[in-house]
Amino acid sequence: MALEKITEIKGRGVYVAGNEIDTDRIIPARFMKCVTFDGLGEYLFYDVRKNEDGSDKQHSLNDERFDKASILLSGENFGCGSSREHAPQALYRYGFRGLIAESYAEIFFGNCTTLGIPCFCATKEDIKAIVAAIEADPSIEVTLDVANERISFGDQSVTAVVRDSARMALCEGKWDMIGELREVESRIAEVAGALRYMAK
Amino acid sequence: MSKSLFEKVWDAHAVKTLSNGQTQLLIGTHLIHEVTSPQAFGMLRDLNLKVAYPHRTFATVDHIVPTDQRQEPFADPLADAMIRELRTNCEETGVTFFDLPSGKQGIVHVVGPEQGITQPGTTIACGDSHTSTHGAFGAIALGIGTTQIRDLLATQTMALAKLKVRKINVTGKLGPGVYAKDVILHIIRQLGVKGGTGFAYEYAGEVFDGFSMEERMTVCNMSIEGGARVGYINPDEKTFEYLKGRPYSPTGDAWDAAVENWKSFASDPDCEFDDVVDFDASTIAPTVTWGINPEQAISIVEKVPTVEAAAEKDQPLIAEALEYMKLPAGAPIKGVKVDVCFIGSCTNGRLSDFEEAAKYLKGHKVADGVKAIAVPGSQIVDLICREKGLHTVFEEAGFEWRGAGCSMCLAMNPDKLIGDQLSASSSNRNFKGRQGSPTGRTVLMSPVMVAAAAVKGEIADAREVFDVKELVEA
Ligand code: SF4
């Protein structure tokens, strides 16, 4: 299975302010009553975007200046909480292809990488600068250079971090591991065979 | 060379180093439930792959099951579709399913240990972040996403970067009325919700040694709330005692061999850790959350923080939490009115949780206007509670006694908060909207503290309400 090499993401940015934005916020549990991920994008950030009657609240994702955004910016520990892949799936299906935050929760980070969504870690100051630039002109292009760990926006650019294993996986088209995991069936059987509790 | 349990288990399960530098790790035990697995089975079908080791995957249904009316079809067609999908997937692939009629259904993190599937020295994964619970047995137990569920179904392995290990020592004695829940809330409060990122937590010291297996599970369960993907306790005689005679535990000669093998996984006494943190048990009081993440916790005798007194960088989150929770900044949390009381979940929905709460509830009544529900973590917990008459104690006090499931922990079933109701909850997450209403408010605490809140109709110090003086052994 050859996967796309994800070395660069270009798009417009949008900022969802806040730290500790958890997976319940990204996709409220009641929308996880589904047997496929299709259609999840619609419910992204639902409770912070919508009033109970379905009308819009004030939220950057409801702001039409940012409705073409494909890169999401946020604060610290983004995606904390549950292991639900529904969260990155909802982001992906809404149209996000890259994330910039100060830090991420572990499982969320791994889930995003497996879907081919690069998660860039940037400093608070740099995020502020990017946000200021997109607020001033929502149409500027933000470029996530995965290979060189740089974020460019307008005529500025800052360094950022994409964790080694994720960067390698994305750049070499190995972000979905299933192919490689399946290569070594007999070695798996050998390791399993040495473990008593694995016996039938 | 001496090694920690984490390293020993890791080494015994490492298949190879992958091209991205991660390890391909064999996961001996795979647990699944209805919310995160159907999409993985779908991906498997799309790729035309089979389940490689069906005898090592075990399924249960927990998140969406109604806890009052359990007849199928469920009133909610979406929930009904989910249970049918899981049933079909298990039938087609040969995966064992602890289905509703089996009498063994329950929350996945209650069922695994109860069945003896959770064993020391093993690797366990489940598409659920509270899989860390199983670490109480000295297993390396990880929450995973749906794509990794697919990887496990197809290969019984997954890609993972090795974690560092932080040893958390809690020494000394806990005061009366202070429980495992208070210990873990205290640890998270001190180390933060991000503190454990990149770490496995090894819990060690007198307090954990003295804990029952159920108390150990409460602690390991919430490791993820502190950012640690894995939390574990070295296996000891209590672990073996708990496992003996369980349906999936080894028997006869195989039992003795297994115990020897399990012992060998415990961390070597002189092994080194990437980090060590010490806590003094005597400083831990009954702890409750006041905010919107589990780190925003205080002891019951403290006051809700104010924005002004906080460090500047913490101010926005504190302001956000105070606004959402509508709590009196700078005033005691004790005395805040509660609307709903919930005892249950994979954190505190086991036999000892109901026993302990029932012990104090006896002879008391739930305050007027408070809705109180007790939800056993599994059908077996339910059965034993009934045999012991605990459900009558709860019912006589004014609690509703329900069927087994996750229930109001995340409210994917009909049990939900309404509007901005405030819930005293024995669960593990106080995120905005967690208990089913976008404006609902959750205050986390131990089951006995929930019982006290139910009786008083407000957040209360169980030690006062129930006149707790002695140290009660579980
Ligand atoms: S009880 Fe709550 S935390 Fe535990 S598995 Fe169920 S929903 Fe998740």
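Values below: all heavy atoms of this structure, side chains included; hydrogens, waters and symmetry mates excluded. These numbers come from a predicted model, not from an experiment. To find a chain, count down the sequence lines: A is the first, B the second, and so on, and within it residues start at 1.
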Taking every heavy-atom pair that is under 4.5 Å apart, which of [options] has the most such pairs with chain A?
| options | answer |
| --- | --- |
| B:A154, B:G198, B:G21 | B:G198 |
| B:I64, B:V35, B:I292 | B:V35 |
| B:Q22, B:E85, B:R429 | B:R429 |
| B:L410, B:I144, B:T29 | B:I144 |
| B:S37, B:G145, B:A79 | B:G145 |

Derivation of the side-chain contact (heavy atoms from CB on, under 4.5 Å) call for B:R229 and A:I107: CA-CA 8 Å; B:R229 200 160 174 190; A:I107 302 181; 3.4 Å; yes

Given heavy-atom pairs under 4.5 angstrom as the criterion, report whether the side chain, backbone, both or neither of [X] touches chain B.
| X | answer |
| --- | --- |
| A:T23 | neither |
| A:L195 | side chain |
| A:A105 | neither |
| A:A199 | backbone |
| A:E183 | side chain |
| A:S165 | both |

Candidate pair B:N261 and A:Y197, rule side-chain contact (heavy atoms from CB on, under 4.5 Å), full reasoning: CA-CA 11 Å; B:N261 176 254; A:Y197 75 100; over 6 Å; no

Rounded distance [0.5 Å steps], CD in B:Q39 versus CE in A:M32: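 Rounded to the nearest 0.5 Å, the CD-CE separation comes to 9.0 Å.
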
Nearest-0.5 Å distance that lies between atom CG in B:L78 and atom NZ in A:K33: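 Rounded to the nearest 0.5 Å, the CG-NZ separation comes to 6.0 Å.
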
Test item: side-chain donor near acceptor, B:S19 and A:E180, under 3.5 Å: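 Yes, because at least one side-chain N or O of B:S19 sits under 3.5 Å from a partner of the opposite role on A:E180.
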
